[in-house]
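Protein chains get the first letters and strands the later ones, always in sequence-line order, with residue 1 at the start of each. All figures in this text were calculated on a predicted structure; none of them were measured in a lab. All values below were derived from every heavy atom in this structure, side-chain atoms included, with hydrogens, water molecules and symmetry-related copies excluded.
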Amino acid sequence: MRIATWNVNSVNARLETVRRWFEQEQPDVACLQELKCVDEKFPAEPFERLGYNIAVHGQKTYNGVAILSKTPLEDVRRGLPGDDGDDHARYLEAVVSGPTPVRVASIYLPNGNPIGTEKFAYKLNWLKRLNAHARQLLALEEPLAMVGDYNVIPEPRDAEYPAHWTRDALFQTESREAFRALKWLGLTDAFMQADGSPGAYTFWDYQAGSWQRNDGIRIDHALLSPQAADRLRGVAIHRDVRSWEKPSDHVPLVVELEL
DNA sequence: ATGACAGAGATACTCTGA
């Protein structure tokens, strides 16, 4: 089973690019982030035509996450527990049905810039809530894939130019510590486990020729429970998609589980 | 030190992203 995660930066502005990738790759499951539309505006039809069941947690203009699956989705949860006042659509969870069901979460973690503001505090609080929820899910002892745009550069090796990010929320000590804390719960970073080669990035800014200079960072991650990590067979970052016409600034990350 | 891109939705002297 192949599970993909991709921050598409507006699913409607990106529709042709995303549809083309789905047609080529036909992932069993795909988690999308930054839909930038409400549920009713999600372009379901082209994906249903490719055989997908769809769960959407959308929002006007900002955020928005989805899970698409070739098999039916069950036990859908919208929003991260722990703050009823949080109205950002950044978390969606569902169980992908099949002989071995897999719980999948589509995550769009707050950016948190600029540091020292409310936004950075929101990011750290969100990470704390994600940690608490991950702890609950791990207690279920089932195959679990928490995938998405974590907006965290875990280590200097995950940036071509680490010095560019020293004052950025994505690379702050607190952000990196919180990401490590998730892993210490018992989650495996699928890319590091199955590949780990340096220079593997998932994001290049639109600005300042970042793509041309390969000024990339690895901020999209797939964290697996032990029961999913046992079945990890491989991982791929679809780097070439960044050179397509009208690209997202993120590229797809695909995890293969033997199920 | 600043801007550079891109998208949404506004019609802005904006907000957000990373």
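A distance of about 14 Å separates the P atoms of B:dT16 and B:dA10, rounded to the whole Å. Here the separation of B:dA1 from B:dT11, taken at their C1' atoms, is 31 Å to the nearest Å. Separating the P atom of B:dG3 from that of B:dC13 is a span of 16 Å, rounded to the nearest Å. For the C1' atoms, the distance from B:dG9 to B:dA4 is 22 Å, rounded to whole Å. A gap of 15 Å separates the P atoms of B:dA18 and B:dA8, to the nearest Å. B:dA12 and B:dG7 are spaced 22 Å apart, taking the P atom of each and rounding to whole Å.
Using cut-offs of 30° and 60° on the angle between ring planes, the pair A:F42 and A:F47 is tilted. Relative orientation of the A:Y161 and A:H164 rings is parallel, given thresholds of 30° and 60° on the angle between their planes. Using bins of under 30°, 30° to 60° and over 60° for the plane-to-plane angle, the ring pair A:F179/A:H221 lands in the tilted bin.
As judged by a 4.0 angstrom heavy-atom cut-off over every strand, A:R167 is placed among residues making no nucleic acid contact. As judged by a 4.0 angstrom heavy-atom cut-off over every strand, A:A208 is placed among the base-contacting residues. Backbone-only contact: A:K246 has heavy atoms under 4.0 Å from sugar-phosphate atoms and none from a base.
Ring pair A:W6/A:W21: centre-to-centre distance below 6.0 Å.
The closest side-chain donor-acceptor pair between A:E34 and A:S10, if any, does not fall under 3.5 angstrom. Side-chain atoms of A:K119 and A:N113 include no donor-acceptor pair closer than 3.5 Å.
At the phosphate of B:dG7, OP1 or OP2 sits under 4.0 Å from a side-chain N or O atom of A:R14.
Here B:dT16 sits opposite B:dA6 as a Watson-Crick or G-U wobble pair (both hydrogen-bonding atom distances under 3.5 Å).
Rounded to whole Å, the distance from CZ on A:R242 to C1' on B:dA6 is 10 Å.
With sequence neighbours excluded, the residues forming a side chain to side chain contact (heavy atoms under 4.5 Å, CB included) with A:Y122 are A:D86, A:H88, A:R90, A:P110, A:W126, listed by chain and number.
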Notebook entry, point to check: Can you give one letter per nucleotide of nucleotides 10-18 of chain B, going 5' to 3': B for a protein heavy atom under 4.0 Å from the base, S for sugar-phosphate only, - for none?
Noted result: -----BSSB
